[in-house]
Trainee: 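Here it is: the structure, laid out below.
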Amino acid sequence: MTLFDFSDYGALLGLVTNSLIAGALLGIVGGLIGFFVMARDLPFAVHGISELSFAGAAGALLVGADVVVGSVVGSIVAALLIGLLGVRARERNSVIGVLMPFGLGLGILFLAIYPGRSANRFGLLTGQVVSVDGPQVLVLIGVSLVVLVTLLLVWRPLLFASVDEDVAIARGVPTRALSMLFMVLLALTVSVAVQTVGALLVLALLVTPAAAALRVASGPLAVALLSMAFATVSVVGGILLALGAAIPISPYVTTISFLIYLVCRIVGGRRSARVRSAA
Amino acid sequence: MTPAIELSGARLAFGDRTLWRDLDLAVAAGEFVAVLGPNGSGKTTLLKAVLGTQPLSGGTLRVLGRPPARGDRRIGYIPQQRLLDASTPVRGADLLGFGVDGARFGLPVRRRADRERVARLIHDVGADAFADRAAWRLSGGEQQRLRVGQAIADDPALLLCDEPLISLDLANQAAVSGLIDRQRREHGAAVLFVTHDVNPVLEYVDRVVYLVDGRVRIGPPDEVLTSPVLSELYRTHVDVVRVHDRVVVVGAGHDPHEHAEDAS
């Protein structure tokens with residue numbers, strides 16, 4: 001098995017143009033929504049949603065429906081359940097803890113009884129590059145743009161509600177509605193991400209880049225931009241490295257994303273040590 | 001002039017537990033009213049009723065001439081002192097800026113007038129030195145200064161403060177309560193100030209609202225914070241001692257430990 005294989009790279013590159021576009025967009029959207037995932041303390045919810053998204057996609061595969069649609073349905077159901085049942089953090093975590101294994105189990109069941117090619121099976125869990133075809137890319141681009149534009153339009157009240165909920169409520173910010181809207185946007189992003197990096201590793205795109213950015217920056221704009229840059233580098237870099245190798249894309253993406261986090265931790269640690277010694 | 005707050009015959013109950021009843025209170029513009037009482041007496045709930053997030057169980061309430069409504073921009077609100085979680089992705093200036101345009105939908109591009117307002121507020125609350133730092137790394141006193149700036153961003157006619165001084169040292173208590181009082185003096189804002197310790201704001205307080213087990217006593221501090229009045233309110237013997245310019249309440253409530261400190 002080869003980890004890296006760069007022979008015929010030019011020809012291979014032509015085949016994955018769609019995936020690269022989808023990947024870059026996913027990095028931008030994932031990095032941006034990851035910023036709010038961190039601000040709203042929802043990393044665990046991302047994991048829960050991605051398992052149900054996997055179940056939805058596997059179910060769709062089984063009944064011959066569109067996998068993207070199945071994955072979107074699964075993640076929106078999960079996101080709405082988490083949003084409705086888990087208003088407080090403690091409740092939310094137990095709801096997610098209950099939903100997650102159920103979703104994963106359901107997905108494994110669907111895959112086990114799925115009679116088709118086995119190569120399709122594990123792509124949903126561990127990611128796939130070249131499988132994204134033309135029409136699917138259009139769907140992914142459409143979904144990403146909707147998420148991106150909506151996030152920009154609700155940016156201020158959503159950040160206010162995320163950071164300072166009591167005052168936001170007093171100020172008339174519709175925090176409940178924003179919370180549900182955010183869960184839907186998160187669900188859409190997760191289901192897009194599941195197509196590329198797989199359900200198990202969505203966190204590497206929706207959490208790690210934002211967590212890394214938070215280590216080295218403090219303003220909302222700086223953190224969000226860095227998070228988007230980190231996520232994009234991870235996906236696009238992962239796709240380029242995975243080309244020609246016999247391994248799924250996800251380990252490349254998660255490794256890049258993890259290395260960025262590591263560097264940011266070291267840089268951030270040095271910086272706060274300097275601030276401490278100056279104070 | 002319309003009172004900032006008008007409560008008449010107000011009652012608030014959760015199930016069969018009544019927090020307070022027969023509450024009549026009119027707070028005038030420019031008046032500083034402290035709300036005192038033991039834990040669980042409904043101080044914060046009173047503030048939430050005025051804020052429009054907690055409906056009354058009975059009686060009437062008007063706030064600046066209207067029924068209470070969430071999102072009234074004529075009200076500034078300083079919540080219970082609670083430090084921000086680690087890694088909250090905002091700087092001090094962003095936290096304060098929420099008071100200016102945090103509730104506004106649309107592309108997050110700040111108008112020039114708003115930018116200037118944020119800069120002026122930062123200066124007014126003495127936050128120039130730390131406004132650019134991560135908000136969660138700031139001390140309690142620094143965070144509370146920013147919250148005062150956030151609350152006065154719209155020059156509110158009514159300031160609602162819920163234990164804004166908890167866990168601050170004496171110097172910061174004085175600084176933060178001084179900022180709140182300045183808004184009252186310079187802009188005629190009425191202040192409703194919920195606190196378990198009246199001493200840091202005693203010099204500013206016009207009247208106190210003292211809540212104990214559903215019973216209410218309202219009046220100037222000198223008339224309410226006395227041994228006979230509080231003994232009657234707590235229905236047990238309470239000593240109110242004046243030490244220099246501080247008021248110390250001894251022996252009230254069921255938990256002597258809690259009230260033996262200089263809380264009132």
Trainee: Do the non-hydrogen side-chain atoms of Arg91(B) and Pro220(A) ever get within less than 4.5 Å of each other?
Mentor: yes

Trainee: Pair Phe105(B), Leu153(A) - check side chain to side chain contact (heavy atoms under 4.5 Å, CB included), show working.
Mentor: CA-CA 6 Å; Phe105(B) 287 87; Leu153(A) 292 179; over 6 Å; no

Trainee: Let me confirm one number: the OG-CG distance from Ser162(A) to Asp85(B), rounded to the nearest 0.5 Å.
Mentor: 11.5 Å

Trainee: Tell me, side chain or backbone of Val50(B) under 4.5 Å from chain A's heavy atoms, or both, or neither?
Mentor: neither

Trainee: Any side-chain heavy-atom pair from Trp155(A) and Leu107(B) closer than 4.5 angstrom?
Mentor: no

Trainee: Is it the case that the side chain of Arg104(B) and the backbone of Arg156(A) share a donor-acceptor pair, with hydrogens and angles ignored and the cut-off at 3.5 Å?
Mentor: no

Trainee: Can you find a side-chain donor-acceptor pair between Asp166(A) and Gln80(B) that sits under 3.5 Å?
Mentor: no

Trainee: Where on Ala93(B) is there a heavy atom nearer than 4.5 Å to chain A: the side chain, the backbone, both, or neither?
Mentor: neither

Trainee: For Arg185(B), I'd like to know if atom CZ has over 12 heavy atoms of other residues, nucleotides or ligands within 6.0 Å.
Mentor: yes

Trainee: Is there a salt bridge (Lys or Arg N to Asp or Glu O under 4.0 Å) between Arg171(A) and Asp154(B) once you walk through the steps?
Mentor: CA-CA 11 Å; Arg171(A) 276 279 168 172; Asp154(B) 284 331; 2.8 Å; yes

Trainee: Give a yes or no on this: more than 12 heavy atoms of other residues, nucleotides or ligands lie within 6.0 Å of atom NE2 of His123(B).
Mentor: no

Trainee: Rounded to the nearest 0.5 Å, what's the gap from CZ on Arg70(B) to OG1 on Thr175(A)? Could you check?
Mentor: 5.5 Å

Trainee: With a 4.5 angstrom heavy-atom cut-off, which part of Leu158(A) approaches chain B: side chain, backbone, both or neither?
Mentor: neither

Trainee: May I ask you to name which of Leu51(B), Leu160(B), Leu95(B), Val90(B) has the most heavy-atom pairs under 4.5 Å with chain A?
Mentor: Val90(B)

Trainee: Considering only heavy atoms and a distance below 4.5 Å, find which of Ala69(B), Gly52(B), Ser87(B), Gly106(B) pairs most often with chain A.
Mentor: Gly106(B)

Trainee: Which bit of Leu214(A) is near chain B, if near means a heavy-atom gap under 4.5 Å: side chain, backbone, both or neither?
Mentor: side chain

Trainee: Is it the backbone or the side chain of Leu151(A) that comes under 4.5 Å from a heavy atom of chain B, or both, or neither?
Mentor: neither

Trainee: Say you draw a straight line from CZ of Phe160(A) to CG of Asp101(B); how long is it, rounded to the nearest 0.5 Å?
Mentor: 10.0 Å

Trainee: Can you confirm whether Thr88(B) sits close enough to Met38(A) that some side-chain heavy atom of one is under 4.5 Å from a side-chain heavy atom of the other?
Mentor: no

Trainee: Looking at Ala134(B), Ala103(B), Ala135(B), Pro108(B), which one has more heavy-atom pairs under 4.5 Å with chain A than the rest?
Mentor: Pro108(B)

Trainee: At a heavy-atom distance under 4.5 Å, which candidate from Gly172(A), Ala222(A), Gly219(A) has the highest pair count against chain B?
Mentor: Gly219(A)

Trainee: To check you understand the geometry: which heavy-atom pair defines the closest contact between Val167(A) and Gln150(B), and what is its length?
Mentor: CG1-OE1, 3.8 Å

